[in-house]
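Written below as structure tokens is the structure these notes are about.
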Amino acid sequence: MSTTGATADPLAALGTLPGVPESVESVRKAVDRVYGHRIMRRRSNEITSEAALRGARGSAALSGADWALEEVRRRSDFSGDDEARVVGAALRLTAEAGQLLSIWRQSPLRVLARLHLVAAATQGDEVGRPRQEGESVDEPLVELALPNAAEVSGRLEGLAELIIAGSSAPALVTAAVVHGELLALRPFASHNGLIARTAERIVLVGSGLDPKSICPAEVGHADLGRAAYLAALDGYVSGTPEGMAAWIAHCGRAVELGARESTAVCEALQRGAA
């Protein structure tokens, strides 16, 4: 996304694209429904914990580790193979996200660096910083052309400036742009998809749209499928109004599906079945 031009608040301008206000309103209604569920008055912490687990599972699935929820719940060792390490990284990122909310608006680049440290869980020179020219990226499921290091640096700075400046744009729009920009740039040597989806969660929670983190968009992204996810990302990367609107709508639908997932958890708890 270009952050330059005559528009003082480019995120707010995206919120007026055709179809986006309707997506924003639909998301708000879906989130309000789950927050209004009677079980939330007594057991919201359980809903938050379950949403975190399901969100991590969904994010890992989009990064190639499509495990059953009960397998994620059962396992305690995530070091055995590549898929296990992806699931472990997703779980760590979900746990870490809540600790970074207060830092995000002041220093988003610091938060992103921390997320990469948490995801990678190694001490390599490439960990915790944007990639340098000539460094490879391990992100096999996103096959878009890879921006060079100079473009990555410039666009990350532009994104950070937008976040720090604040915007009147709806939370969904900001979250979708953060998510899409990080996927398009793949600024780190690894784990960019997991980090992009975690950053989306941080925006949705920190904005107040989903303050208890009970509407895991990662679940929705996984439910919609990898093909639809990548097709919508193509729209974002195109930079066209239609493509940007389609990506925002896709992210909105993912939040709605995450809210539906937690509503089902509420219903199960109410029946005493969970």
Side-chain angles (χ1 to χ4, degrees), residues 1-2 10-34 51 54-64 66 90 93-94 97 139 141-145 155 159 162 167 169-186 192-205 207 209-210 213-263:
M1 175 190 176
S2 173
L11 294 178
L14 292 177
T16 66
L17 290 174
V20 171
E22 292 81 0
S23 293
V24 169
E25 180 63 18
S26 184
V27 165
R28 168 54 67 188
K29 288 179 179 177
V31 172
D32 286 347
R33 279 195 295 272
V34 66
R54 294 178 184 224
R57 192 219 72 82
S59 191
L62 284 170
S63 286
D66 192 0
L93 286 171
T94 300
E139 201 69 47
L141 301 177
V142 178
E143 298 179 350
L144 297 168
R155 286 172 62 175
L159 182 64
L162 285 177
S167 172
L172 171 64
V173 172
T174 303
V177 167
V178 167
H179 185 171
E181 193 72 354
L182 293 174
L183 274 182
L185 293 177
R186 282 145 291 158
N192 291 287
L194 295 176
I195 290 168
R197 292 184 288 275
T198 303
E200 179 184 49
R201 171 186 286 266
I202 287 172
V203 174
L204 293 171
V205 174
S207 67
L209 176 65
D210 179 21
S213 195
I214 60 170
C215 302
E218 305 97 321
V219 168
H221 287 303
D223 285 352
L224 291 166
R226 191 176 301 150
Y229 184 65
L230 295 177
L233 178 61
D234 284 343
Y236 177 86
V237 173
S238 76
T240 65
E242 297 80 9
M244 296 292 288
W247 170 249
I248 294 167
H250 184 87
C251 291
R253 182 60 180 148
V255 177
E256 291 179 52
L257 290 172
R260 187 179 72 177
E261 183 89 353
S262 286
T263 299

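One is the number of the first residue; the rest follow in order along the sequence. The analysis underlying the following values was restricted to heavy atoms, covering all of them including side chains, and did not include hydrogens, waters or symmetry mates.
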Hey, mind stepping through Leu257 and Val219 against side chain to side chain contact (heavy atoms under 4.5 Å, CB included) and telling me if it holds?
CA-CA 7 Å; Leu257 290 172; Val219 168; 5.6 Å; no
Which atoms form the tightest heavy-atom contact between Ala245 and Pro18, and what is the distance?
CB-O, 3.7 Å
Evaluation steps, side chain to side chain contact (heavy atoms under 4.5 Å, CB included), between Leu209 and Val27:
CA-CA 9 Å; Leu209 176 65; Val27 165; 4.0 Å; yes
At their closest point, which heavy atom of Ala56 faces which heavy atom of Thr94, and how far apart are they?
CB-OG1, 3.5 Å
For the pair Thr16 (side chain) and Ala13 (backbone), establish whether a donor and an acceptor sit closer than 3.5 Å, ignoring hydrogens and angles.
yes
Ser23 vs Leu172, side chain to side chain contact (heavy atoms under 4.5 Å, CB included): CA-CA, chis, key distance, verdict:
CA-CA 9 Å; Ser23 293; Leu172 171 64; 4.2 Å; yes
Does any non-hydrogen side-chain atom of Glu181 lie less than 4.5 Å from one of Tyr236?
yes
Considering only heavy atoms from C-beta outward, does the side chain of Leu185 approach that of Leu159 to under 4.5 Å?
no
Just by distance, no angles: are the side chains of Ser213 and Arg201 close enough, under 3.5 Å, to form a donor-acceptor pair?
yes
Is any side-chain heavy atom of Leu144 less than 4.5 Å from a side-chain heavy atom of Arg186?
yes
Is there a side-chain contact between Val34 and Arg260 in this structure, where contact means two heavy atoms from C-beta onward sitting under 4.5 Å apart?
no
Check for a donor-acceptor pair, side chain of Ser262 on one end and backbone N or O of Ala51 on the other, with a separation under 3.5 Å.
no
Indicate yes or no for a side-chain donor-acceptor contact from Glu139 to the backbone of Asn192 under 3.5 Å, with no hydrogens or angles considered.
yes
Do Pro170 and Val173 make a side-chain contact, defined as non-hydrogen atoms from C-beta onward lying under 4.5 Å apart?
yes
Find out whether His221 and Glu200 are in side-chain contact, i.e. whether some heavy atom of one side chain is under 4.5 Å from a heavy atom of the other.
yes
Is there a donor-acceptor contact under 3.5 Å from the side chain of Ser238 to the main chain of Gly235?
yes
Parallel, tilted or perpendicular: ring planes of Tyr229 versus His179, cut at 30 and 60 degrees:
tilted
Nearest heavy-atom contact between Ala222 and Arg57 is CB-NH2, 4.3 Å
List the residues meeting side-chain contact (heavy atoms from CB on, under 4.5 Å) with Thr198, not counting sequence neighbours, and say none if there are none.
Leu93, Ala97, Leu115, Ile202
Is there a side-chain contact between Leu204 and Val255, using heavy atoms and a 4.5 Å cut-off?
yes
Can you list every salt bridge (Lys or Arg N to Asp or Glu O under 4.0 Å) pair that touches residues 17-28, not counting sequence neighbours?
Arg28-Asp32
Could you check if a side-chain atom of Leu224 sits within less than 4.5 angstrom of a side-chain atom of His250, using non-hydrogen atoms only?
yes
Is there a donor-acceptor pair under 3.5 Å between the side chain of Arg197 and the backbone N or O of Ala90?
no
Please check this pair: side chain of Ser59 against backbone of Gly55, looking for a donor-acceptor N/O pair closer than 3.5 Å.
no
Only one of Leu182, Leu162, Leu14 passes side-chain contact (heavy atoms from CB on, under 4.5 Å) with Val177; say which it is.
Leu14
